[in-house]
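Notes follow the structure.
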Amino acid sequence: MSLDAYLVEARTQEIVPRRERPIEQEKLSLQFKTEDATEFSEAFLVSSSYDGESKTALLKFYEPVSHKVLSLHDRSGHQPYCFSDLSTEELSGIGQLISHPGLDRFEKITKYDLLRDTPAQFTKIVAKDPLAIGGRPSGCIRDIIPQNSKGKIWEADIPYRDCYIYDEQLALGMPYQLSDGKLSPKPYKLMQQEEEAISKIFENESQELKDHADRWIPLLQSPTTELRRVALDIEVATEIPTRLPDANEAKQQVLCVSLLGSDGTRRVLLLERPGVEFGDVRLPQGVSIERYEDEVRLFIEIFKALLDYPFVITFNGDNFDLRYIFHRAENYLGFSRAQIPIELGKESATLKYGVHIDLYKFFFNRSIQIYAFGQRYKENTLDSVGEALIGVQKLKMDNLLKASYSELAAYCYRDAQITLELTRFDDSLVMRLITILSRIARMPFEDTSRQGVSRWIRSLVYSEHRRIGAIIPRSEDILATKGVTATEAIIKGKKYKGAIVVQPKPGVYFNVSVLDFASLYPSIIKKHNLSYETILCPHQECRSNIVPDTPHWVCTKKRGLSSLIIGSLRDLRVKWYKSKAKDKTLLHVTRSWYNVVNQALKVILNASYGVFGSEIFSLYCPPVAEATTAIGRYAITETIKEAERLGIEVVYGDTDSIFLRSPRPDQIERLTEWTAKQLGMELDVDKLYRYAALSSRKKNYLGVFPDGSVDIKGLTGKKRNTPEFLKKAFEDMVKTLSGVQTEEDFGRARQRIREIVRTCYVKLKNKEYTLEDLAFNVMLGKSPDRYTKTTPQHLKAATQLSSAGLEVVEGDLISYVKVYGSPGVKPLQLASINEVDTDKYMDYVESTFDQVLDALGLEFNEILGIVRLESFFGITVPTRKPVEREFEEEEEVEETG
DNA sequence: GCGGACTGCTTACCT
DNA sequence: ACAGGTAAGCAGTCCGCG
């Protein structure tokens, strides 16, 4: 077999003598050192940390011309601190505190207490280093002070890097300039037209809300820059091929490393091993393959890259690639920690020079998955995400150790390629999302890309407290006065009542208008002034301002912090970014950015209500969440009543939407005017269906748009776990339905659907489907040993897999088929077509089609009855490819009939 | 001992 | 580790049934 051009090139490279410096000399050159920047005209703040050596805050900037990371240590003398309500005298009486080596001094200070709505005296306890405050397992200042009714500690659990950002009111991801040793944000100015359009949006709002919006503008509008980055992926030798090597042990050699730069660099580094063939697997043009006899030299190359690129992108690098490299380098290859440009945390790996972004963590984030990417990928694997977002899959590989060099290289290269591409597609959407979220959350890129939405919102709100000089409340203090809920949830075990789902009126309706409230919950939080400090506020005179369906009252005297923050963001999204993101008249680059901001705001706003009902949120305040849903219920029920008064038939509704049966334009107009006037909320026409088919089931419907495209919600036919054969049959039915224009058309559709079901049944009976077609695909939600209450079917299948030596872990998608006998299921890998329980499948077909057909008022049972009857009388229905069947199986199928 | 009524567990979905 | 509400299938339990 002939070698292609690149292979020749790669082989030629071998005979070029390398000028290699001695290893020890190379290692020494790896020691990371940096000097502070003295001046720059534009650089983007990307990271904040505490530098233990200089005992100061350290900022990292990305300078887009040189593509370098610039450092800047704090020179203001900022120090770590926390607050106590004890006086300096009282604190001085605590011997252990006074003698604490980390204590620097006390300061008297006044901070605003939002919970009590009054200024309050605090003592600022200033420390010499952050670990003195907290973070060590014992002996920290925050643990020394006795926690009594008086004698509490505030703000001791904020990481110092965040504390510094909040105090300096810095925003990560923003452009800054440094001149004469002075750091300042790059000024941003809107174009006059934009300025006018935006001020019009807020013309009827309070000054406070306007001020918030004004502060958001530069954060949301300032330009971003292309971030120079490298994707890194490693392959490691394993003893057991099915198991992932232990990154903390790092016992085995690193066999291959791919480094793909956004600058066009495409390197694959291979470790030479005896007896390995080069092979003839092709790699893309321009990939350079480098072969190393010595693993240490290979590592030196990795480290040089980690000291060169401002951003390093991995997929699971926190827990694998960088962790493995670190331990391998330290434990087996004789590198000192000073020579390894990686720092390991408990759950993350960071870099001494640049910023490490682990895409696994970012894509795993449920908010990102759902709101930013619309659930386009369903599994959190590089393969699944890559396939869904950029259409590139991983290469297949059976055994790393048996692979040729070129095969290994191609495999490893592909992984790095997907990783890099995931940060590049859609004009670097992912990098820009991380940037804009960091700006909004005031969080370093490293944290934004790793943490969840509750941390983003926490950080944003904390920064706001510092800006206005308010003490950040202790979670237990919020809970003490505002911890109880008054409504009862419908679902057992939930804390409070949620949204209303209107009982659908079953049937087919032509010309259905779907109206919904724009950003319902954020609108409520804005309009009704909801915030932890305003709900159940301390003022007697506010107690009559009651939230419907609850005993809670809301402050009438002061605007709540979260109401302002969420309210201003909501208005900017609903009235500016949402439409701009869709505006085809804008330049591509402009619209692309509006789209990024729109996505980011969507993620934040969608979670803004939920966090108040979540214990892990540091400002957890259940009455805020409860009041939000209560007002939501009030809004939708009142709107339905008004619709009915206007003579409009409401056939369905869920949380923030109502489905109206062929309303006249003037009726819609009167209704939306009414909600604007009476509820102060915007009700918009969201969708128009040519017809909608509703069954009696909530959250289950099918809507056909005028252009024939179809909305399917909640139906089994499109669920992930549904077997492929059924999804296809369902799809056929949907196609038929999408062609229905008038009531008369349903007659023909009915015939066609009958055919589809019949074919499905016959093919099942004749075993014409493949096992893959028949497989249910169910996610293993937790590790197998943690199922203690019941043994679901997918677990039974998973157990059989483990017995067969195939490891299953939490998060795996288990594929199984239903078979005769006990336990009734078999994993796809172990099953054969002859044992498939056709009857069970037929039941499943029935219930899947039932969901739609009883909506259409079609007698599905009749169709099914006929189909079954035909087979009962032995009428054979020819299909495309008839298959011979044994008589007994025929019998078995009939038993239930 | 067996099956129907019931509850609870689990997953996947909707807003 | 943002929330609650809903559907569906199955596992497990209780109880009646000569």
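Please read these numbers as outputs of a predicted model, since none were measured by experiment.
Residues satisfying the side-chain hydrogen bond (donor to acceptor under 3.5 Å, both in side chains) criterion with Asp654(A), sequence neighbours excluded, are Lys699(A).
A residue-by-residue look at Ser614(A) and Lys497(A) shows that Ser614(A) has its nearest nucleotide of DNA chain C further toward the 5' end. Residue-to-nucleotide proximity on DNA chain C shows that, of Ile491(A) and Asn365(A), the 5′-proximal contact is made by Asn365(A).
The distance from atom CD of Gln851(A) to atom P of dC14(B) is 11 Å, rounded to the nearest whole Å. As rounded to whole Å, 16 Å separates atom C1' of dT15(B) from atom CG of Leu515(A). Going from atom CZ of Arg720(A) over to atom P of dT10(B) covers 17 Å, rounded to whole Å. Rounded to whole Å, atom P of dC14(B) lies 12 Å from atom CZ of Arg366(A). The CZ-P distance, from Phe776(A) to dA12(B), rounds to 13 Å in whole Å. What separates CG of Leu715(A) from P of dC14(B) is a distance of 9 Å, to the nearest Å.
Within 4.0 Å of Lys378(A), counting heavy atoms only, lies no atom of the nucleic acid at all. Ala625(A) comes within 4.0 angstrom of no nucleic acid atom, judged by non-hydrogen atoms across all strands. Across all strands, Tyr496(A) comes closer than 4.0 Å only to sugar-phosphate atoms, never to a base (heavy-atom distances). Within 4.0 Å (heavy atoms only), Tyr844(A) reaches sugar-phosphate atoms of the nucleic acid but no base atom. Using a 4.0 Å heavy-atom distance criterion, Lys840(A) is classed as making no nucleic acid contact.
The nearest pair of heavy atoms linking Ser523(A) to Ala518(A) is OG-O, 2.9 Å. Here the closest non-hydrogen pair linking Ile524(A) and Thr628(A) is CD1-O, 3.5 Å. When all heavy atoms of Val508(A) and Ala693(A) are compared, the pair lying nearest together is CG2-CB, 4.3 Å. Shown here for Ile648(A) and Pro663(A), the closest heavy-atom pair between the two residues is CG2-CB, 3.8 Å. In plain terms, the two heavy atoms of Tyr609(A) and Thr629(A) that are nearest each other are OH-CG2, 3.4 Å.
Of the residues in residues 681-703 of chain A, those with a non-hydrogen atom less than 4.0 angstrom from any atom of DNA chain B are Lys699(A), Tyr701(A). The stretch residues 649-661 of chain A comes close to DNA chain B through Asp654(A), Thr655(A), Asp656(A), each having a heavy atom under 4.0 Å from the strand.
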I'd like to know whether Thr381(A) forms a side chain to side chain donor-acceptor pair (under 3.5 Å) with Glu379(A), so could you lay out the CA-CA distance, the side-chain angles of the two residues, the decisive distance to 0.1 Å, and finally the verdict. CA-CA 6 Å; Thr381(A) 59; Glu379(A) 283 174 274; 5.2 Å; no
Trace of the side chain to side chain donor-acceptor pair (under 3.5 Å) decision for Asn777(A) with Arg720(A): CA-CA 7 Å; Asn777(A) 304 291; Arg720(A) 172 172 72 178; over 6 Å; no
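More than 12 heavy-atom neighbours from other residues, nucleotides or ligands sit within 6.0 angstrom of NZ on Lys727(A). Counting non-hydrogen atoms of neighbouring residues, nucleotides and ligands closer than 6.0 angstrom, the CZ atom of Arg376(A) exceeds 12 such neighbours. Other residues, nucleotides and ligands contribute only 12 or fewer heavy atoms inside 6.0 Å of the CZ atom of Phe364(A). The local environment of NZ in Lys789(A) is sparse, with at most 12 non-hydrogen atoms from other residues, nucleotides or ligands closer than 6.0 Å. A 6.0 Å sphere centred on OH of Tyr634(A) holds no more than 12 heavy atoms belonging to other residues, nucleotides or ligands.
Remark: His794(A) is in phosphate contact with dT11(B), judged by side-chain N or O atoms under 4.0 Å from OP1 or OP2. Contact annotation: Lys718(A) does not reach the phosphate of dA12(B) (side-chain N/O to OP1 or OP2, under 4.0 Å).
A side-chain contact (heavy atoms from CB on, under 4.5 Å) with Trp216(A) is found for one member of Leu569(A), Val597(A), Leu601(A) and no other, namely Leu569(A).
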Starting at the 5' end of nucleotides 2-9 of chain B, put B wherever the base has a protein heavy atom under 4.0 Å, S where only the sugar-phosphate does, and a dash everywhere else. ------SS
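Residues Ile814(A) and Met779(A) form no side-chain contact, since every pair of their non-hydrogen atoms from C-beta on lies 4.5 Å or further apart.
A distance below 6.0 Å separates the ring centres of Phe776(A) and Tyr844(A). Taking the six-membered ring wherever Trp is involved, the centroid distance between the rings of Tyr652(A) and Tyr701(A) falls below 6.0 Å.
With a cutoff of under 4.0 Å to any heavy atom of chain A, the contacted region of DNA chain C is bounded 5' to 3' by dA1(C) to dG12(C).
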Dot-bracket pairing map - DNA chain B, Watson-Crick plus G-U, both contacts under 3.5 Å, | cross-strand: |||||||||||||||
